[in-house]
Structures are given as structure tokens and as C-alpha cells.
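For reference, positions follow the sequence shown, starting with 1.
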Amino acid sequence: MDRRYLRYCVDGSLFYDAPGARSAPGESDGDFTRAVTRPAGWRESCDGAWRGLVPGDAALREQGWKVHVSATLESAERVLDVVAAFCVGTGTAFKHLPSRRALLIRNAKYADRSGSGKFMTIYSRDDDHLADILAQLEPRLAGELGPYILTDLRIGDGPLYVRYGGFVPRWVQHDGRPVPAIRRPDGTLTADPRAPRFQVPEWVDLPACLVPHQRARQSGGSRLPYEITAAVHFSNGGGIYRGRSRATSEHGDGPGPEVILKEARPHAGLDGAGRDAVSRLEHEHGILRRLAGVAAVPSVGEPFTLAGHRFLPQQSVPGSTLNRWVARHYPLSAGDASPEEVRTYATRASALAQRVATALEEIHARGVAMIDLHPGNILVDEDDRIALIDFEVAGEVDAVVDVGMGAPGFGLPPERAGATGREADLYALAVLRLWLFHPTASVLSISRVPLAGWIDHVARRFALPSTWATDLRARLGVAPVASSSGSAPAGSASAVREDDTLARLCSGLVAGIHAAATPDRTDRLFPGDIRQFDVDGRCFGYGAAGVLHALRLAGDGPSPGYEQWLLESLDREPCGRTGFWEGAHGIAWALDGLGLTEAADRVL
């Protein structure tokens, strides 16, 4: 999975959207733009993700050393006040996230790690200016907390970090896609390194004011008490690693048992309630201690802290996720599955579901509800034994839970408001029983209409007992599909009906595009792929030009409002890229097809 997409999975939206592009209802008090008034004579820019302020007579350098300021949800307004006052007073260009919600999204569990913690950016004019910024702001921000910015060099123990990079947008192709660029001394563009570690381009000298901080970073610290053998997973909240105890091997007892180490970064990996990764890890530790002895739940060790990060060792259990098990064994992935293969799979899948149900009964008997049951949190070994993992959001079995909590499709629907943790687990288990035979549950987060048809189809296709469908319908709250009578007409009547169906589908797609349009926004006209946010919301491949071209070919009438949106956008900011798919050439071609030839010529 391309984890870049997770950053654009904004709560409350059916479509990918830019983090912070829209404020959530009732969040006007989290608007940071109100706290900083644009000074007279300064230029202001807002691109959805950031609000920039630049002195009117100043021009940003193309690249150089920039200072990033980290903040928590609690400290953000204080930090903003201090830094903005300094920048305005010294005529220093800066930018900041526009809202509390944007800060929460940037520091969320599956946010981009290279951007985590960045709340403000200050643009230095030269090395002397950089030294002055740090000397003045470090004491003023002493004691303020924030997520560690992984791409940067930390200044002391506060929320200031420094990195060399681009100040203005420059792009270069890397691995087949455009990425932010910086310029080499010979004038050529190269990718601006944004890996989650501090890097300095080979042609750049470290300023004297940064040397002590670089030495402090390289001096190291305490050693991890476990030897890491593999990295399993990374998120903005920390990593998951396989390892073995150093103490066991260093005492000559041979390699110790393999463990799973969960890492939690303080103030990072925020969930919807604003809890950071450390809070969730401590919560999980408490839950796992309550579940000690449950066969399907890994045992847990004592957490420890190293370099400010919290670690929790857990028993390593064999197997892969149920997602992967289904991908390997699902018989209908190929069109030539034999009846025996279908029967064998049905037997194994039903047995797996029962093992999960038994494990949940044991967990519930301890007063715990998992609340986040889904195929990614179930491990299956070679003998089809199961283990349940990831108890970060587990809670009390009789406590009321929020509807929708959990993986898409597995969380309780809105009509189940007031349900307990036990009911949430049993609902997710029912979805899981269906998912094992029809692995499309994520669609249920958009619509539950297909449920009844899926249940009946699965029961017939896998020859499951009638009680399976009856029980599932009761647990998921759906009625059977009404049986249809008669047979499909033959010959031309069938062809006509298929044509009518195709016409209705096309008409529905066009209507959906119109319904989803957002002409009030300036960053994009139609929802689409995430590339429109880092490439262009107007381009042919991902933006408005391509959609207008498709609507024209579908026979949809002229849309003057949409065309005007595209023209006004180009007047505000001409397209800075060449090329058909992502650049000016594709936009011009689409405009010409719409009869806007003069505008197409201007674009070129």
C-alpha cells in the first residue's frame, strides 16, 4: 500500500482531500489565522496546507537553511504568538499551519513522517540571520513541547529544528514522479532530500551555529537493550521491530526468544481524541496485562524509555495477517476454482471465524472489548491458529463506544449509536464472517445497501448452511433480498436493456461528478487522486482539465462555470510545468477541445 494516500484520508470526507483544507464543523476556535493579523505591506498566501507571510519588499531565496518550529495542540497558540511576534518585528518571512485541525492531521498516526511536527517554518536570509533566529528564539521557547522533527537537526532541548532545503517550489522527476527539488551549484535540479533523518547536501557547509548541535546529535546515548533484527512497520507514531534481548546473548545463554518491540514517539501519532502514541502504548500495556493468559493474545513485558521514545516488548507470535491469508487462499481470485477448492476454503474460513469468536469470548470475560477488530489485527499461522494484536483502542466491555470507530466497514454504523464495546466487537465479528467470503467490507463505510445481496450470494456460492445467512442478517440488521420472478428476455430486448443500463450508469457518473464539484475552492474543482494536491488541481492527468475533457466526451453539455473556474485559476497562477499529463500542454489541449482556443494559446 502507498502510505502517501493515508495523509489525504480526511475524517468526514468520502474523497481524498488536502489535510487542513477544510475546517471541521464547530472548529472555528481552532483557526490560527485569526491569531496573526497580516502586517501592513506584507504579502499573504494560503495554499490549503499552509498560510505564508512575507514582507512586501522581500524576495525569498530559492533555497537555504530554514527553521522549523514544533508544537503540541496545547502549546500551538503560545508558540505561534512568540514566533510570529519575532518574525514580524525582524521582517522575517514565515509560514504556519492554519488551524488546530491541520496540526492534528499533520501529527496523526499515519501522517507523512517527513512532515511530522512541523507547525511553523522560518526562512533565514543567510547564515548570520540563521544564528540570530536561533539565539533569540531558543530562550523564548524554552520548555515548550512538540513532536521530534525527524528530517531536521534539533536545537537544544526545545521545539526548534533546522534543515537545508527549498524555499520556493521547484520540481524534478524522481522515480517517475515529480518531487520537490533544490539546485546544485552547477544549476541542475536534484531531489530535495526529505527522508526521516537529518541530511545535508554534499555541496553545503554546516553553519558554525549548528556545529555544536550536530556534535550533540552524533555523541549518541544509551544502547537499546534489544538487538533489532528487522523493521516490521513504521507510522508517524513510531516503529514496530523484531528483536532479541542483548542481556540473554551477552551472558552466553545463546539468542533469547524473539520479541516484538513497539515504539511510541511522544506528542506524535495523534488519534482523533488527540492522544499521542505514548498514551496509547501505556494504555495497551495495561490492557495486555489484564489479558495475560488468554491463549490468542501475546504476552507483554515492561515498557522502557530510550532517547525520549517509549518502547513496549511483546511476545512474537508466528503467522501473517488474515488479509494476507485470504489473499493466498481465496478460491475465487482465479476463474477456474474447482468445487473441492471452494468447499475446502469454506471449511477453513468458517473454522477461523469460530476461533476468533472463541478468543473474543475469553477477552470479554476479562471485561475487555477489542473495539478495533479487523483482518489486519488478526494473525494466522501455518496451522490456521489465530492471534489477536493491537489493543491500542481497547476498552471496557460494557462501556458505550463511538459509532464508526474501527477499520472502514468494521465499525458500528450510525444507527447503532449507544452500543457497548461488546456489541462493537460482535458487529465487527459478523462483518468478518462475511468478509472472509466477500472481502469488500470497506465499501460498507459508504453504503450498507449491498449487504443483503452479498450475504445471499455468499451463502449460495459457498454452499453455506442456511443458519449462516440467517444469523448474519440478524447480527448486521439487514433483511433478505426479495426474490425476483421471471427470466430475462432473449435477443434484441436483452441488448436494448443492456444499452439502457449503460446509459443510466453513464448518466449517474456524470451526475456524481457534478454533485461532487467544489467551484468555491481554489485548490481543486473536482475531488480526485492525491496527486492533484502536490502536482496541480488543474492538470489533465489529475485535475480539472481532464475531468472537463471526460465530461465533453460523455456528451455532457457545456459547463461555463467550470470552464470559468479553470480560466480564473490560470490567470491567478500560470501553470509552471510542461508536459501533457501534468503540465500546460494537457491543459491547453483540453481548453482547445472545449472551443477555448485563445485561452489554450495563452497557456502555451
**Q** Once you measure the plane-to-plane angle for Tyr330 and Phe462, does it fall in the parallel (<30°), tilted (30-60°) or perpendicular (>60°) bin?
**A** tilted

**Q** Hydrogens and angles aside, do Thr188 and Asp186 bring a side-chain donor and acceptor to less than 3.5 Å of each other?
**A** yes

**Q** Going by distance alone, is a donor N or O of one side chain under 3.5 Å from an acceptor N or O of the other, for Thr597 and Asp592?
**A** yes

**Q** I want to know whether His585 and Trp589 have ring centres closer than 6.0 Å.
**A** no

**Q** Under the ring-ring contact (aromatic ring centres under 6.0 Å, His included) rule, what do Tyr345 and Trp325 come out as? Steps first, then yes or no, please.
**A** CA-CA 11 Å; Tyr345 178 85; Trp325 186 91; 5.7 Å; yes

**Q** Is it true that atom CZ of Arg324 has more than 12 heavy atoms of other residues, nucleotides or ligands lying nearer than 6.0 Å?
**A** no

**Q** Looking at Arg473 and Asp456, does any basic side-chain N land under 4.0 Å from a carboxylate oxygen?
**A** yes

**Q** Are side-chain heavy atoms of Val168 and Arg61 found at a separation under 4.5 Å?
**A** no

**Q** Are any non-hydrogen side-chain atoms of Glu44 and Arg51 less than 4.5 angstrom apart?
**A** yes

**Q** Any salt bridge between Asp529 and Arg531, counting N to O under 4.0 Å?
**A** no

**Q** Cation-pi check for Trp468 against Arg433: NZ or CZ below 6.0 Å from the six-membered ring centre and within 45 degrees of the axis, yes or no?
**A** no

**Q** Measure from the ring center of Phe533 to the ring center of Tyr542 and say whether it is less than 6.0 Å.
**A** no

**Q** Hey, do the aromatic rings of His514 and Phe526 have their centres closer than 6.0 Å?
**A** no

**Q** Between Asp523 and Arg521, is there a side-chain N and carboxylate O pair less than 4.0 Å apart?
**A** yes

**Q** Got a donor-acceptor contact below 3.5 angstrom from the Arg552 side chain to the Asp556 backbone?
**A** no

**Q** Given 3.5 Å as the limit, does a donor-acceptor pair link the side chain of Lys66 with the main chain of Gly166, or not?
**A** yes

**Q** Can you check whether Leu432 reaches His374 side chain to side chain, under 4.5 Å on heavy atoms?
**A** no

**Q** Using a strict cut-off of less than 4.0 Å between a Lys/Arg side-chain nitrogen and an Asp/Glu carboxylate oxygen, indicate whether Asp17 and Arg524 qualify as a salt bridge.
**A** yes

**Q** What about the rings of His549 and Phe540, do their centers lie closer together than 6.0 Å?
**A** yes

**Q** Any sub-3.5 Å donor-acceptor pair from Ser559's side-chain atoms to Gly561's backbone N or O?
**A** no

**Q** Taking the inter-plane angle between the rings of His96 and Phe94 on a 0 to 90° scale, is it parallel (under 30°), tilted (30 to 60°) or perpendicular (over 60°)?
**A** parallel

**Q** Please say whether more than 12 non-hydrogen atoms of neighbouring residues, nucleotides or ligands are located less than 6.0 Å from CD in Glu415.
**A** yes

**Q** Less than 4.5 Å apart, any side-chain heavy atom of Trp454 and any of Thr440?
**A** yes

**Q** With a 4.0 Å cut-off on N to O distance, would you call Lys109 and Glu392 a salt bridge?
**A** yes

**Q** Can you check whether Phe234 reaches Ile240 side chain to side chain, under 4.5 Å on heavy atoms?
**A** no

**Q** Hey, is the main chain of Gly56 close enough, under 3.5 Å, to the side chain of Arg43 for a donor-acceptor pair?
**A** yes

**Q** Above 12 or not: heavy atoms from other molecules or residues under 6.0 Å from CZ of Arg328?
**A** yes

**Q** Is the shortest side-chain N to carboxylate O distance from Arg183 to Asp192 below 4.0 Å?
**A** no

**Q** Is the shortest heavy-atom distance from the side chain of Tyr16 to the side chain of Pro527 under 4.5 Å?
**A** no

**Q** Checking Thr518 against Asp520: is there a side-chain donor and acceptor pair closer than 3.5 Å?
**A** no

